Amino acid sequence: MAKPLPVIIDCDPGQDDAMMLFLALNAPELDVRGVVAVAGNVSMEKIKRNLAMLIDIVDRGDVPIYVGCDRPMIRNLVTAEYVHGETGINGIEIFEPQTNLQSEHGVDFIIDQLRKARDNEIVIVATGPLTNIAMALIKAPDIVAKIQQIVMMGGASFEGGNVTPSAEFNIYVDPHACDVVLKCGRPIIMFGLDVTHKVMTTKNRVRAIRALANSVSDVAAGMLDFFGKHDSEKYSAEGAPLHDPCTVAWLLKPDLFELKTCHVAVETMSELTLGHTAVDFWHVTGNKPNVRWAYDVDDDAFFDLLTERLARY
Ligand code: BDR
Ligand code: CA
């Protein structure tokens with residue numbers, strides 16, 4: 001087997017961030033060097049507790065976890081309790097985690113890891129607002145060459161926004177950070193709503209996960225039940241889009257997704273369309289492509305992968 005890919009994860013758990021972590025943290029294909037928390041779905045107080053709980057749940061205390069920025073670069077923090085519930089991971093019992101957070105700031109951890117790496121070595125997976133990644137790039141521009149690729153959940157084009165008519169939540173929360181990342185010059189793979197809205201939980205899919213009956217699948221099924229309730233009303237569907245695990249699923253099985261290389265820019269000024277990602281899908285601007293934009297997925301195969309990996313716990 002090929003050497004595992006060295007990965008740094010940045011996230012704001014969140015039930016779908018949790019599914020991303022469950023996929024990543026037992027994948028032999030990945031060498032997760034650390035996980036950094038960013039404020040997004042709920043406040044940092046809850047995000048860092050949730051992250052530590054999730055590490056306890058998968059029994060991966062060997063993976064160091066860090067606290068990153070507790071607010072976006074310029075704007076005030078906008079949270080999403082209306083999607084994820086008061087705790088950010090409603091659907092499971094909150095407990096006092098055993099895993100300790102490292103004392104180093106998450107942004108400095110990202111910088112240190114990248115500085116130690118070879119050129120083009122580290123994969124960054126980002127499933128929350130991009131604040132920590134942008135802050136690392138600004139604080140230490142020398143690290144950019146060390147990034148192999150940034151695989152992120154964020155943005156929307158054909159599908160429209162989920163927090164405003166034009167913006168997806170992660171990008172809306174910190175559009176300025178997104179701007180820094182989009183302009184960094186390294187390969188970026190973006191999983192926006194165009195594709196994540198095709199990865200819907202259904203009663204049967206959650207039932208298959210619950211039937212695995214191990215300690216992690218029980219937690220996953222509990223969270224997915226809650227997550228499905230809110231979004232099924234919003235989307236008039238049976239369940240909810242499982243946004244964040246698309247990133248790791250792509251690293252494990254790229255054939256699941258269709259991607260197109262195009263230029264993406266983000267709106268940072270307009271009050272009306274703040275956080276909108278202008279995806280030049282038909283190459284009308286002539287701007288040099290900076291992103292591989294995911295636009296389609298084999299959703300059955302995605303859930304087969306998720307279920308099969310959860311079964312390994
Ligand atoms: C994104 O926003 C968050 O609520 C989810 O965790 C996901 O990262 C979807 O818009
Ligand atoms: Ca998230």
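All heavy atoms count here, side chains included; hydrogens, waters and symmetry mates do not. Bear in mind that the values here come from a model prediction, so they are computed numbers and not experimental data. Just so you know, ligand 1 is whichever comes first in the structure, and atom 1 is the first atom listed for that ligand.
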Task: N132 side chain vs A37 backbone, donor-acceptor pair below 3.5 Å - done: yes

TODO: For the Ca ion (ligand 2), find the closest N/O/S atom on D244 and give its atom name.
DONE: OD2

- [ ] Please find the N/O/S atom of D12 nearest to the Ca ion (ligand 2) and write down its name.
- [x] OD1

Task: K260 NZ/CZ over Y295 ring centroid, <6.0 Å and within 45° of normal - done: no

TODO: Mark yes or no for whether E29, through its side chain, and L251, through its backbone, hold a donor-acceptor pair below 3.5 Å.
DONE: no

Open item on the list: Between M20 and the Ca ion (ligand 2), is there a contact where an N/O/S atom of the residue lies under 3.0 Å from the metal?
Closed with: no

Open item on the list: Within rounding of 10°, what is the angle whose vertex is the Ca ion (ligand 2) and whose arms end at O of T127 and OD1 of D17?
Closed with: 130°

TODO: Classify the angle between the aromatic ring planes of W250 and F191 as parallel (below 30°), tilted (30 to 60°) or perpendicular (above 60°).
DONE: tilted

- [ ] Identify whether the distance between the nearest side-chain nitrogen and carboxylate oxygen of R312 and E308 falls below 4.0 Å.
- [x] yes

- [ ] Count the heavy atoms of every other residue, nucleotide or ligand shown that sit under 6.0 Å from CG of N76, and state whether that count exceeds 12.
- [x] no

Open item on the list: Counting only heavy atoms and a distance below 4.0 Å, can you name the residues contacting ligand 1?
Closed with: D16, D17, N41, H84, T127, M153, N162, E168, F169, N170, H243, D244

- [ ] Check for a donor-acceptor pair, side chain of D194 on one end and backbone N or O of F158 on the other, with a separation under 3.5 Å.
- [x] yes

Open item on the list: Has N214 got a side-chain atom pairing as donor or acceptor with L310's backbone, closer than 3.5 angstrom?
Closed with: yes

